[in-house]
Undergrad: 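For reference, the structure I am asking about is given below.
Everything quoted here is computed from the prediction, not taken from an experiment. Residue numbering restarts at 1 for every chain, and letters A, B, ... go by the order of the sequence lines.
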There are 2 protein chains.
Amino acid sequence: MIRSESTEMYLKTILELGTGKEPVAISQVAERWGVTPVSANEMIKRLAEYGMIRHEPYKGVSLTETGLRQATNILRRHRLWERLLVDHLGVDWAESHDAACQLEHATAEAVTTALDAFLGHPTTCPHGNPIPDPGQPVNEAETRPLSTLEIGQQATIICIHPEETALLNYLAEHGIYPQRTVEVEEIAPLDGPLTVRVGEQRTVIGREAASRVHVAV
Amino acid sequence: MIRSESTEMYLKTILELGTGKEPVAISQVAERWGVTPVSANEMIKRLAEYGMIRHEPYKGVSLTETGLRQATNILRRHRLWERLLVDHLGVDWAESHDAACQLEHATAEAVTTALDAFLGHPTTCPHGNPIPDPGQPVNEAETRPLSTLEIGQQATIICIHPEETALLNYLAEHGIYPQRTVEVEEIAPLDGPLTVRVGEQRTVIGREAASRVHVAV
DNA sequence: CATGATTTTTAGCCATGCCTATAATTTTGT
DNA sequence: ACAAAATTATAGGCATGGCTAAAAATCATG
Ligand SMILES: [Mn+2]
Ligand SMILES: [Mn+2]
Ligand SMILES: [Mn+2]
Ligand SMILES: [Mn+2]
C-alpha cells in the first residue's frame, strides 16, 4: 500500500470528520479534501482494496483497524509538529497548522519519537486537540460547540476542531484561544453571529466558526 | 513550474555534484538520484524549459541563476533540519540525513526562517557542510579529500561530502566525525583501504569512503 | 409509490515521473 | 581515421491521482 500525501490526507480527513460511530459521507470527504466526489470515490475504492477503510454504499466510509492506526499516527505527527513550531520555533499559531500538514507526510518514525520526547510528551496541540499515544486512537474530550451555549452561559475554550488555517486566523483575530473563558452575550437570529465576551474583550463571531470552537462549561 | 520532491532533488543533486565551474554529466545525476539516464534526460529537458538549468549537449548541465537559488534553498533547509534533529531532538547522526531529505521538501518558508533563528543561525550541518545564507550560494571551504593525504600527514576532518546515509553509518562506526584529528598510517595499493588514526583509535576505511571525507591540513 | 435528490459508477481524458528497448549522434582513444 | 564508448532522442508503456460528462442505482419524501 502506497503512503503518499494523498492517501494519508484521505485517511486523516475521514478520521477528523468521523464522530466515531456513523460512517462519513464520501461527499464530505471530497469537499474537505478539495477534490470532486468522483475523485474521492476512486480513491475510496483503492483505500478499501488496501484494507484501510470500509465502504458501506450510500452510507459512507469508516476506518478499519489498520486505517485507524495509520490515520491516528498522521494526526499524532501533525500535532507534535504544531507543538514544536508554536512553542519552540515561534511560528504563528494559525500558520502552524498548514506547516504541520506538510511536515506530517515527511516524518520518519525516528523523528516522531524524538520529537515527542523533546517536547516532553505533550497531550494537546496548540489548538487544544489531543495528541494520541502511538498506536492508540484518540479519546475525545467532553466538550460541546460554543454555538450550543445559551445566553449568559460561561465556559472554557477547550479546542478548535476541525482545524483549518482560515478559521484559525479568524479566531486569532478575535482572541479565541484554548484555555480562555468565554461567555455568550447575544445570539443573532437566522443562524446569525454570536456576541461573546473573551476575557476583557467583546467580539462577534460567525455561527459556523463558533460551531468549531469546543468548550467545557 | 512544479515544486515536487522530484524536481527539487534533481536541482539539489546537480548542485551537490557540481564543483561550480564545469557542467555535471547527466549520467552522474541519474546515478546519484537513482533513475535511468533516459528518465534523467527527460527531467533535465523539463527543468531546462522551466529555466532552472542549462544543458550543453554532450557536456552536461549547470544551474541557472534561478535554479541555483532554488537548489541552495533546499540545501539550506536540509542542513538546518539536520542540526535540529541531531542537536535538539537527539536523532542519530547518520540517520538525520535521510530524515532531513524528506523534510526539506515539506518546509514552508516561515518554518525555515523560524528554524534558523531557533538554532542561532548555525553555519554548518552536523556533517560539517556549510549552511548557505538565504539566497546566497554556498562558498566551499578550503579542503582536500582524506584520500589525498600522504602517510604521516595529520589533518582535521572538516566535512563529509556528498552525504549518503550508508556512508555516514560506515564513518560513524569508524569514529570518523568532523572536528576530529586524523593521521594516515598506511595506504594499501590498488586503490585499497587506508589505515588511519583518529584520536586514540586506529581504523581501516575504504578509499572511496575516504574520498568523501574532506580535511584541512 | 412515484419522483426528485443524492450517491455511485463508467468512460474517456490529462499531467507527472518513472520504465525498457532501440536508434541516432557525438566524443574519444588507439 | 575509425571503432568503441558515452550521450541523447524516440517510441511505447505503466501507475498515480486528478478532471468532466453522463448514466445508473439508491434513498427520501410527499
Ligand atoms: Mn497534510
Ligand atoms: Mn492543531
Ligand atoms: Mn530530499
Ligand atoms: Mn549534513
Undergrad: Would you call the rings of B:F118 and B:H88 parallel, tilted or perpendicular, taking 30° and 60° as the class edges?
TA: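 Aromatic pair B:F118/B:H88 classed tilted.
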
Undergrad: Let me know the distance between NE2 of A:H55 and P of D:dA25, rounded to the nearest Å.
TA: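 After rounding, the reported distance stands at 16 Å.
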
Undergrad: Is a side-chain donor or acceptor of A:W93 paired with a backbone partner of A:A172 at a separation under 3.5 angstrom?
TA: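 No: the side chain of A:W93 does not pair with the backbone of A:A172.
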
Undergrad: Can you give one letter per nucleotide of nucleotides 23-30 of chain C, going 5' to 3': B for a protein heavy atom under 4.0 Å from the base, S for sugar-phosphate only, - for none?
TA: --BSS---

Undergrad: Between D:dT16 and A:S4, is there an OP1 or OP2 to side-chain N/O distance shorter than 4.0 Å?
TA: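 So the side-chain polar atoms of A:S4 never come under 4.0 Å of the phosphate oxygens OP1 or OP2 of D:dT16.
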
Undergrad: From the options D:dG18, D:dT20, D:dA11, select the nucleotide whose nearest atom is closest to the side chain of A:T36.
TA: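 The listed nucleotide nearest to A:T36's side chain is D:dT20.
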
Undergrad: From CZ of B:R3 over to P of C:dA15, roughly how many Å is that when rounded to an integer?
TA: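 It is 23 Å, rounded to the nearest whole Å.
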
Undergrad: Quick check on C:dT16: is either OP1 or OP2 less than 4.0 Å from any side-chain nitrogen or oxygen of B:Y10?
TA: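 Result: no.
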
Undergrad: Heavy atoms from C-beta onward define the side chain here; which of C:dT16, D:dT7, D:dG17 lies closest to that of A:I2?
TA: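 Nearest nucleotide to the side chain: D:dG17.
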
Undergrad: Students often get this wrong, so: under 4.0 angstrom with heavy atoms, is A:S6 touching a base, only sugar-phosphate, or nothing?
TA: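 It contacts sugar-phosphate atoms only.
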
Undergrad: If the cut-off is 4.0 Å, is A:R46 near the phosphate of D:dG17, judged by side-chain N/O to OP1 or OP2?
TA: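 Yes, within the criterion.
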
Undergrad: Heavy-atom count check: over 12 atoms from other residues, nucleotides or ligands less than 6.0 Å from B:Q102 CD?
TA: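 Counting other residues, nucleotides and ligands, CD of B:Q102 exceeds 12 neighbours.
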
Undergrad: May I ask you to decide if B:G192's main-chain N or O and B:R207's side chain share a donor-acceptor pair within less than 3.5 Å?
TA: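 Checking the backbone N and O of B:G192 against the side chain of B:R207, a donor-acceptor pair under 3.5 Å is found.
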
Undergrad: CD1/B:I160 to NE2/B:H127 distance, rounded to the nearest 0.5 angstrom?
TA: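 Interatomic distance, B:I160 CD1 to B:H127 NE2, rounded to 0.5 Å: 8.0 Å.
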
Undergrad: Can you tell me how far CD of A:Q70 sits from CG of A:L47, rounded to the nearest 0.5 angstrom?
TA: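 Between atom CG of A:L47 and atom CD of A:Q70 there are 9.0 Å.
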
Undergrad: By the definition side-chain hydrogen bond (donor to acceptor under 3.5 Å, both in side chains), identify the one residue from A:E163, A:E16, A:E82, A:H214 that meets it with A:N129.
TA: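 Only one option passes, and that is A:E163.
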
Undergrad: What's the closest nucleotide to the side chain of B:K45 if the choices are C:dC18, D:dA9, C:dA11?
TA: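 For the B:K45 side chain, the nearest candidate turns out to be D:dA9.
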
Undergrad: Using a cutoff of under 3.5 Å, can you pull out all pairs of nitrogen or oxygen atoms linking the protein to nucleotides 12-14 of chain D, with atom names and distances?
TA:
none

Undergrad: Grab the CD1-P distance between B:I44 and D:dA9 for me, whole Å please.
TA: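 Rounded to whole Å, this separation is 11 Å.
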
Undergrad: When the distance from CE of B:M43 to P of C:dT16 is rounded to whole Å, what number comes out?
TA: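 Rounding to the nearest Å, CE of B:M43 and P of C:dT16 are 9 Å apart.
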
Undergrad: Over how many whole Å does the gap from B:E56 atom CD to D:dT7 atom P extend?
TA: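 Those two atoms, CD and P, are 14 Å apart.
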
Undergrad: Between D:dT20 atom C1' and A:N41 atom CG, what is the distance in whole Å?
TA: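 Those two atoms, CG and C1', are 15 Å apart.
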
Undergrad: Mind checking what makes side chain to side chain donor-acceptor pair (under 3.5 Å) contact with B:R3, not counting sequence neighbours?
TA: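 Checked B:R3 against side chain to side chain donor-acceptor pair (under 3.5 Å); matches are B:E8.
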
Undergrad: Once rounded to the nearest 0.5 Å, what's the spacing between atom CD1 of A:I74 and atom CD of A:E5?
TA: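 Reported value, rounded in 0.5 Å steps: 10.5 Å.
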
Undergrad: Does OP1 or OP2 of C:dG17 have a side-chain N or O of B:S39 closer than 4.0 Å?
TA: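 B:S39 to C:dG17 OP1/OP2: no side-chain N or O under 4.0 Å.
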
Undergrad: Is the gap between the ring centers of B:H78 and B:H97 under 6.0 Å?
TA: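 Here the rings of B:H97 and B:H78 have centres that are less than 6.0 Å from each other.
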
Undergrad: Specify the separation, in whole Å, of atom OH of B:Y50 and atom C1' of C:dA15.
TA: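 Going from OH in B:Y50 over to C1' in C:dA15 covers 9 Å.
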
Undergrad: Give the rounded distance in Å between these two atoms: CD of B:E49 and P of D:dA9.
TA: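 These atoms are roughly 12 Å apart.
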
Undergrad: Look at the side chain of A:V35 and decide which nucleotide, out of D:dC19, C:dC18, D:dG17, has an atom nearest to it.
TA: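 Side chain of A:V35 sits closest to D:dC19.
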
Undergrad: For A:V38 and for B:G60, locate the closest nucleotide of DNA chain D by heavy-atom distance; then report the residue assigned to the nucleotide nearer the 5' terminus.
TA: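 Per heavy-atom nearest nucleotide, the more 5' residue is B:G60.
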
